[in-house]
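What you see below is based on every heavy atom in this structure, not just the backbone, and it leaves out hydrogens, waters and symmetry mates.
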Amino acid sequence: MLTLITDCRRACPDARTDRATVTQARRWLDEAIAAGVDRIQLREPWLDAARLAELAGGLQRAADGSPTRIVINDRADVARAVGVPAVHLRDDGWPVARVRALFDAPVLVGQSIHDAGAAARSQADYVHVGAVFGSGDKPAGGLDLLRAVAAVSRVPVHAVG
């Protein structure tokens with residue numbers, strides 16, 4: 001599974017406003033949908049709810065009928081409001097059950113985890129583990145961490161970084 005985890009500010013360094021960043025990001029994310037990326041995870045903690053909803057709602061409409069699934073990081077409220085039935089939680093984020101309770105229909109819930117114990121306890125539908133090899137602000141957990149998580153997880157494990 002190929003997941004594109006966004007960082008719109010890094011991807012659109014010439015944009016001078018939040019609106020311009022969202023507009024530019026939307027263009028390349030539409031290209032990712034057209035290319036058949038399995039999942040686009042909107043990881044934009046700097047965006048206010050209105051801008052995130054604008055971006056996520058537009059992407060959800062663009063992805064309808066395609067194999068691409070849109071996932072919103074942390075903001076279950078925004079996901080519910082714009083009809084995106086998928087949320088990815090930080091390791092210290094809301095409890096999975098609380099997110100599920102916000103939705104009237106089934107919702108895909110993923111969770112970032114950083115140790116095997118968290119993976120064993122997770123009630124999410126999948127877990128991200130990493131960064132396996134490290135990336136910028138994320139220290140490397142290594143292949144030993146990935147192996148340990150995979151050994152105890154009851155759900156699919158996705159390696160990040």
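Between R69 and D38, none of the side-chain N atoms (NZ, or NE/NH1/NH2) sits under 4.0 Å from a carboxylate O, so this pair counts as no salt bridge.
Interatomic distance, CZ of R16 versus CD of Q24, reported as 10.5 Å (0.5 Å rounding). Atom SG of C12 is separated from atom CG of D18 by 11.5 Å, given to the nearest 0.5 angstrom.
For the pair L42/L55, a side-chain contact is recorded, criterion being any heavy-atom separation below 4.5 Å from C-beta on. Contact annotation: the side chain of V87 never approaches that of V71 to less than 4.5 Å [non-hydrogen atoms, C-beta and beyond]. Within the 4.5 Å cutoff, side-chain heavy atoms of L29 are placed close to those of L4. For the pair I33 and I40, the minimum side-chain heavy-atom distance is below 4.5 Å. A 4.5 Å side-chain heavy-atom check between L89 and V96 finds at least one atom pair inside the cut-off. Counting only heavy atoms from C-beta outward, the side chains of R26 and L59 approach each other to under 4.5 Å. Between L102 and D77, every side-chain heavy-atom pair lies at or beyond the 4.5 Å cut-off. Residues W46 and L52 are not in side-chain contact: their nearest non-hydrogen atoms beyond the backbone lie 4.5 Å or more apart.
Nearest heavy atom pair, residue G83 against residue P85, reads O-CD, 3.2 Å. Nearest heavy atoms, A116 versus A148: CB-O, 3.8 Å. Considering all non-hydrogen atoms of both residues, T68 and G36 come closest at OG1-C, 4.2 Å. V99 and A76 get closest at one heavy-atom pair: CG1-CB, 4.0 Å. Scanning all heavy atoms of the two residues, the minimum distance from I113 to A119 falls at CD1-CB, 3.9 Å. Here the closest heavy-atom approach between residue A150 and residue V157 is recorded as CA-CG2, 4.1 Å.
In summary, of the residues considered (I5, V132, L146), a side-chain contact (heavy atoms from CB on, under 4.5 Å) with V160 occurs for I5 alone.
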> Does the side chain to side chain contact (heavy atoms under 4.5 Å, CB included) test come out yes or no for R80 and D104, once each step is laid out?
Replying inline: CA-CA 9 Å; R80 183 175 186 266; D104 298 326; 3.6 Å; yes
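Judged purely by atom type and a 3.5 angstrom limit, S153 has no side-chain atom pairing as donor or acceptor with the backbone of V149. Formation of a donor-acceptor pair under 3.5 Å by the D74 side chain with backbone atoms of R90 is found in this model. Remark: the backbone N or O of A124 is paired with a side-chain donor or acceptor of S122 at under 3.5 angstrom. With T3 contributing its side chain and R39 its backbone, the two residues share no donor-acceptor pair below 3.5 Å.
Legend: salt bridge (Lys or Arg N to Asp or Glu O under 4.0 Å) pairs involving residues 41-65, not counting sequence neighbours, sorted by first then second residue: R19-E54, R51-E54. Here ring-ring contact (aromatic ring centres under 6.0 Å, His included) pairs that include residues 51-95, with residues two or more places apart or in two chains, are H88-Y126, H88-H128.
For R98, the salt bridge (charged side-chain N to carboxylate O under 4.0 Å, His left out) criterion is met by no residue, not counting sequence neighbours. Every residue meeting the salt bridge (charged side-chain N to carboxylate O under 4.0 Å, His left out) condition with R100, not counting sequence neighbours, appears here in chain and number order: D125. Evaluation of the side-chain hydrogen bond (donor to acceptor under 3.5 Å, both in side chains) rule for Q41 yields N73 as partners, not counting sequence neighbours. Every residue was checked against the salt bridge (charged side-chain N to carboxylate O under 4.0 Å, His left out) condition with D14, not counting sequence neighbours, and none meets it.
Residue I70 is not grouped with residue F103 when hydrophobic side chains (ILVMFWY) are merged at heavy-atom distances under 4.5 angstrom, including chains of intermediate members. Under the 4.5 Å side-chain heavy-atom criterion for Ile, Leu, Val, Met, Phe, Trp and Tyr, L47 and I72 are members of the same hydrophobic cluster.
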